[in-house]
Structures are given as structure tokens and as C-alpha cells.
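What follows is one structure encoded as C-alpha cells, with my remarks underneath.
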Amino acid sequence: MANKKTKLIKSLVVLTTLSLLFSGCIDSEKKEYADAADIPVSREMVAELTSPPNVPTPVGRRKAKKLIVNMEILEQEGTMTDGTTYNYWTFGGSVPGSFIRTRVGDEVEFTLSNHPDNKLPHNIDLHAVTGPGGGATSSFVAPGHEKMFSFKTLNPGLYVYHCATAPVGMHIANGMYGLILVEPEGGLPQVDKEYYIMQGDFYTKGENGEPGLQAFDMQKAVDEDADYVVFNGSVGSLTGDNAITASVGETVRLYVGNGGPNLVSSFHVIGEIFDKVHVEGGSTINENVQTTLVPAGGAAIAEFRVDVPGTFILVDHSIFRAFNKGALGMLKVEGEENKKIYSGIVQEGIYHPEGGGIQEMPEGDVVKVEVSTANKSLEEKMISGKQIYMQTCFACHQAEGQGIPNAFPPLAKSDYLNADVNRAIGIVLKGKTGEITVNGQKYNSVMTRQAISNQEIADVLTYVYNSWGNNKTNVTTAQVDAVKNGH
Amino acid sequence: MQTILRLATRILFISYLSTTYCQSEMVPIKGGTYTPLYGRDSLQVTISDFQMDVYPVTNKAFLEFVKKYPKWQRSQVKKIFADGNYLIGWTSDTELGKKQSVNAPITSISWFAASNYCECQGKRLPTIDEWEYVAMANKTMPDARQLEDYNKYILGWYEKPKTFNNEVGYTFKNYWGVYDLHGLVWEWTLDFNSVLVSGESRKDVDNDSNLFCGSAAIGATDLMNYAAFMRYATRGSLKAKYAMKNLGFRCVKDIIEEQ
């Protein structure tokens with residue numbers, strides 16, 4: 001009996017030891033390394049590289065690997081905005097350069113190849129590298145050659161990379177920058193959509209919009225007097241057909257970088273609040289943020305859920321850059337309206353600051369008392385119309401009615417406008433969403449319904465029709481009334 | 001009498017040069033003292049008189065050279081003297097590529113090949129200082145480095161792709177009568193790697209006191225410095241066996257004073 005008992009105890013001990021051993025094995029699988037440098041790598045893998053606004057597949061729960069990154073440098077001509085081209089220097093053929101996605105503990109074997117047709121030597125400084133020059137020391141490469149070096153990713157975060165060859169500023173100003181993401185152990189939380197957006201400022205010999213191949217202007221760069229401030233390398237790279245998309249209810253994660261060379265970005269999405277921001281691309285998470293500052297040579301990760309449909313405009317909220325220099329993108333959200341969250345216009349009325357004593361004239365069959373104003377001379381209409389234009393229309397359609405390429409259609413010499421005055425009245429009255437073609441260019445943006453009186457509509461349209469080479473239609477209040485009542 | 005003799009020898013010598021087979025035309029460069037990009041007043045460089053090729057060496061001239069010296073043909077050249085890009089555009093050992101003009105500058109050659117070419121003609125590659133000294137001239141001035149137009153022209157070229165297909169003489173004739181120092185191809189120099197712009201060009205600001213002493217680099221915001229930085233950076237990225245599509249050369253010759 002006693003013997004039996006000892007046996008039992010013995011076998012229990014063995015069992016416990018075994019199970020301890022076993023769980024010990026499991027523990028080593030999940031072992032957390034105090035020092036990321038100690039994380040072992042298993043196997044090799046060729047990194048997926050994507051051009052903006054796309055990002056590679058998330059890392060998820062994969063183990064640290066030897067990650068092979070092959071990047072080619074190309075000096076090539078590209079479009080800055082319609083009619084204007086620029087000689088971009090690129091990592092991987094795009095501005096910003098290809099997105100690199102890694103995880104903590106990866107051993108990145110980086111090969112930088114300088115295309116033989118290129119004129120200049122280049123290198124790469126990755127802010128994710130712990131080592132001299134961020135890799136620049138080891139990657140300086142002449143045209144027609146390649147250099148390989150490797151580094152271990154020690155800190156999770158979103159990092160900028162850029163060329164650091166003399167003159168450094170010029171290489172960056174020509175587009176040599178991009179982002180490298182180092183995901184933490186186990187990856188970032190899953191989201192529905194991820195996009196890559198990087199701001200940069202450009203300095204050209206000609207002013208903004210001047211056509212032809214534009215050379216880099218060193219003096220303007222030194223003076224920090226940018227001609228273009230853009231997302232993803234050119235005006236309109238994120239508008240119209242290039243807009244990024246999501247559906248109502250989805251969570252969106254934006255990897256936002258700023259290549260500079262000079263300007264700091266006040267990144268903002270009009271009509272959204274960032275639920276979460278990885279401040280400066282690091283581990284600090286801020287919540288409920290309206291605008292996040294992205295330093296030159298810095299980054300941020302912004303996440304939010306889209307709750308209502310519509311077009312949400314991405315801007316550098318240093319706002320003249322957005323509407324006058326190109327820093328404007330679009331996020332198009334499709335899906336069901338949610339009136340609880342956003343109602344749209346509920347009611348429209350006349351506002352009298354002096355109080356409610358004055359009654360609003362019922363619209364419809366009653367004889368209008370507006371005769372005197374309806375008889376305004378063309379000159380009077382032009383003066384009032386211009387005032388209304390500058391208050392209501394100027395921001396999008398611009399001072400000379402030139403519009404903003406790829407975002408807001410021009411009113412100057414506009415075939416679309418001149419073709420149909422009733423349609424124009426209708427658009428001011430009711431707003432307009434969806435694709436239209438103006439002077440051969442497609443636009444797909446949103447114009448909201450304008451809350452101005454019929455007289456004001458007549459005045460502002462008369463002003464527009466009698467300016468900038470348009471067909472000089474004199475729009476009357478009666479015409480506006482007819483359109484309003486006819487629909 | 002002696003002077004006349006000397007003159008006569010020189011005239012004879014020059015006429016000999018110009019008639020010699022595939023010898024490029026040369027012009028005399030009057031030496032002088034100048035401050036290079038990386039220098040302060042205390043670091044002035046003195047250049048002696050010398051002669052420089054008017055044009056970069058052409059495809060045609062180099063073709064003749066490799067015919068005469070087969071060891072410099074693409075299939076014959078020793079690996080330590082030229083990398084895989086050596087004469088990469090040529091159809092064969094003795095035939096240019098279809099798109100290559102005979103009068104375009106020879107490119108895709110290593111420093112060893114360029115150096116030996118010059119040597120075989122009793123010449124040598126120019127030093128960086130000699131090259132920079134001649135290249136700081138515009139059409140009318142020996143030192144035009146302070147002129148905005150001059151620097152804009154150079155910077156403008158750096159952004160123009162594929163100028164290596166153009167023929168020699170394509171750009172302007174400078175003060176010394178030399179063509180194409182800016183605007184056609186980069187050129188090998190004798191001591192291209194003696195001034196190092198390391199891979200990490202920002203570090204140079206602190207460390208390489210010879211090249212970027214103090215404010216010379218920190219204050220390097222003017223166009224002149226930016227243009228020159230690019231050349232120094234390019235030279236710094238090279239090894240002697242490298243061959244580059246945008247890199248050619250020309251030769252110089254010392255003027256030896258007869259006793």
C-alpha cells in the first residue's frame with residue numbers, strides 16, 4: 001500500500017514535471033524579449049512594396065524574419081499638375097517612394113539600386129534604422145550600381161526614409177522620401193481600410209500652375225517659398241478618380257508622412273474626428289483629435305470609423321496650401337445615411353436679427369414685392385454679385401473663376417456653365433454631386449446647396465456669366481423662381 | 001635668338017600635336033590661384049599653366065584606342081580595372097551601339113581606362129583642382145562662380161536626363177576655349193577620390209574639416225555651393241573600376257618649360 005502510494009506520488013511528480021516542461025516550451029514560443037535586438041529571425045521573405053496610396057498586407061502575428069527589400073532609384077519626368085511636369089527623383093518610381101512594412105525584430109536586408117540612366121549618386125536614410133546615418137553611410141551608390149546593407153528593427157512605429165546625399169535638401173525636394181512601418185509584436189489592431197498619404201513641398205522656377213517642364217528652384221527652396229504643397233507627389237493624386245474610399249461603418253487607418261523638405265503639416269480630414277492618433281507615429285495614442293501635426297521628416301497614424309456617407313476632404317489645415325497649392329485629397333464614403341449623426345439641411349428660412357416681428361412672405365402665388373430689386377441694372381447686379389461670389393464661391397472656384405485642378409471645376413470660359421443657364425441655377429439652388437465634364441476635364445466633387453436668396457442667386461450668376469469670358473447671360477430673379485418652382 | 005628658337009619649337013610641337021592621329025585639339029590654360037569650394041582664403045590652391053583638351057574624348061577616338069590596345073576591349077579588360085558596366089552600350093568589342101553617335105562623348109569607361117588612354121597620348125587626367133579651375137569659367141569670365149545664371153545653368157543640367165547622347169561641342173565654349181565642362185557628362189579626374197564626400201553627406205559637415213570646414217558647409221546655401229556639392233558627391237560615390245553612363249573624361253598636359 002505504502003509502495004503503491006509512493007508510486008502514485010512518483011508518477012504525479014513525473015506528470016507535473018512533464019507538464020511544467022511542456023508549458024515551459026509554450027512559454028518559450030511566446031517569450032517576450034526585453035531587448036528587441038535579441039529577437040531571433042526565422043526564414044527569409046521578400047518584402048512586398050507598394051506605391052501610394054496603397055500599403056502592403058499587414059504583418060499580423062508572423063514571427064520576425066529576414067526581410068529582403070529591393071528598392072530602385074529612378075530619376076524620371078512626371079506630372080505635377082495638368083500641363084506642368086517635373087523631374088522627380090524617386091525611390092521605386094513613385095513620390096512618395098514604396099511603402100515598406102516590417103515588424104519589430106525583423107532583420108531587413110536592404111538593397112538600393114541606382115538605375116544606370118540616372119545622373120546622380122544617391123543613398124537612403126531610414127529613420128527606422130539604429131546606426132550611423134540611418135543607413136546612409138552604407139548605401140551611397142553611383143548610377144549603374146547597387147549597395148546592400150542590413151539592419152534590425154528595434155522600435156515599433158511609423159518612420160520616414162529619405163535620400164541624404166549632398167545637397168540633401170535638393171534630393172528631398174525632388175521627391176526622395178517615403179515611409180517604413182515597424183509593427184509591434186503581434187501586429188497593429190485590424191482595421192478595414194489602410195492608406196498611405198505623404199505630404200511634400202515643391203519649388204519650381206515657374207509659379208504655381210505655370211505650364212511646361214518646371215525646373216527645381218533652389219532659391220525658393222532656401223526661402224521656403226513653396227509653389228506646390230501636395231499629397232503623394234502631385235496635385236490631384238488623391239482627388240476625383242484617385243480618391244481613397246471606404247464604406248459606412250468601416251474603420252480607416254491613414255499612414256500619414258511628411259517628407260518636407262521645409263513645411264510642417266497640419267493634417268486634417270474635414271468632417272471627421274480621428275478616434276485615435278499615434279502621435280508622431282510613435283506609441284503614444286491620443287484620442288478624439290481634430291488636426292494632427294506632422295513634422296517635416298515625421299509621421300502620424302490616424303484612425304477613425306466612418307459613420308456617414310459623403311466626400312471627406314483631406315487637407316493641410318494651413319489652409320492656403322490646401323486650396324491654392326494642392327494639399328487636398330478626398331475620402332469617398334459610400335453607404336446608408338444616418339440622420340441621427342448627420343441630418344443634412346432640415347429647414348431653411350430667413351433670419352432677421354431685429355427679431356421675429358417681421359413676417360416671412362409666403363412663397364408661391366402671392367405677388368412679389370421684389371419688383372424694385374428685380375429691376376436692378378446689370379451694373380448693380382455685378383457689384384452685388386461680386387460681393388456674393390467673394391463670400392460664397394471664391395474659396396472653391398477661386399478669384400478668377402479658374403477653379404482648382406482636379407477638385408473644383410472652373411467657371412471661367414466654362415462650356416458646362418454656358419451651355420445651360422437653368423441647369424446652373426438648379427445647381428446653386430440644390431447643390432450638385434457626381435461626375436461632370438467641364439472643358440474636357442472630369443470633375444467628381446461635391447457642391448453643397450447654397451443658402452442664398454433667389455435675388456442673390458440671380459446676381460451672383462449674372463456676375464459669373466458676365467466675367468472671365470463667359471456668355472454674358474443676364475440672369476433674372478424670375479428665372480430663378482421658375483427653376484425653383486418647376487422642380 | 002633663344003626666344004625665337006623656343007617659339008619655333010613650340011609651334012612645331014603644336015602642329016605636331018594637331019596632326020597626330022586621333023589627338024584631340026588642346027588649348028593652353030594660364031595657371032593662377034583660386035579658392036576652391038571647400039577652401040578658405042588660407043586654403044587657396046595654385047594651378048600651374050597646362051593644356052586641356054577642348055572637347056571630352058569622343059566615342060570615335062576611344063574606338064580607335066581600343067582597336068590599337070585590345071586589352072581595353074570589353075571582353076578583354078581585366079575585372080579589377082573595369083566593372084560590368086564597362087562599354088556596356090557597345091554592340092561588340094570594336095563596334096558602337098546603334099544609338100551611339102561617333103561624336104558623342106565616350107562614357108561607361110573606368111578610371112583605369114581613361115587614365116591609360118591619356119597616358120598613351122603623352123597626357124594625363126586633370127586633377128580636381130585643374131578641372132574645377134577651368135570649369136569655373138563661363139563664356140567671358142575666368143571665374144563666374146558668383147553669377148546666378150552660371151550656377152542655374154549647371155543646376156539645370158543636373159536635372160536634364162540622358163544628356164550623354166548629345167555630341168561634343170553641344171554646350172558653350174568657355175573663357176579658355178574649352179567646351180562641355182557643364183551640360184554634357186560628368187568627367188573623371190586624376191584624383192577623383194582624394195576629396196571624400198562620404199556616404200553620409202551630412203556627417204561631412206562636422207567631420208571632414210578639410211572639405212567642409214565650419215561655415216563653408218553650414219552656410220552653403222548659395223547656388224554655387226549646391227552645384228559644386230553635386231560634383232563632389234558624384235566623385236565621392238565612385239571607385240576607379242566603376243563605369244557610368246553619364247561619366248566621360250578629357251585629358252590635360254603639363255607645359256614643360258624648356259631650359
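Residue numbers start from 1 in every chain, and the chains themselves are labelled A, B, ... in the order their sequence lines are given, proteins ahead of strands.
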Item to check | Between B/Phe172 and B/Tyr179, ring centroids under 6.0 Å | outcome: no
Item to check | Residues from residues 76-90 of chain B approaching chain A under 4.5 Å (heavy atoms) | outcome: B/Asp83, B/Asn85
Next on the checklist: Before you tell me yes or no, could you show the steps for A/His122 and A/Phe140 under side chain to side chain contact (heavy atoms under 4.5 Å, CB included), namely the whole-Å CA-CA distance, both residues' side-chain angles and the distance that decides it to 0.1 Å?
Outcome noted: CA-CA 6 Å; A/His122 300 282; A/Phe140 189 45; over 6 Å; no
Item to check | Polar side chain donor-acceptor pair, A/Asp106 to A/Thr153, under 3.5 angstrom | outcome: no
Checklist entry - Do the side-chain N and O atoms of A/Gln76 and A/His115 include a donor-acceptor pair separated by under 3.5 angstrom? => result no
Checklist entry - Cation over ring, B/Arg235 on B/Trp186, under 6.0 Å and within 45°? => result no
Next on the checklist: Under 4.5 Å from any heavy atom of chain A, what part of B/Ser108 do you find: side chain, backbone, both or neither?
Outcome noted: neither
Next on the checklist: If we count only N and O atoms by modelled type, under 3.5 Å, do the side chains of B/Tyr55 and B/Asp53 hold a donor and an acceptor together?
Outcome noted: no
Checklist entry - Which word best sums up how the rings of B/Phe62 and B/Phe65 line up, parallel for under 30°, tilted for 30 to 60°, or perpendicular for over 60°? => result tilted
Checklist entry - Looking at A/Ala142, A/Ala221, A/Gly135, which one has more heavy-atom pairs under 4.5 Å with chain B than the rest? => result A/Ala142
Item to check | A/Asn114 versus chain B, the contacting section by heavy-atom distance below 4.5 Å | outcome: neither
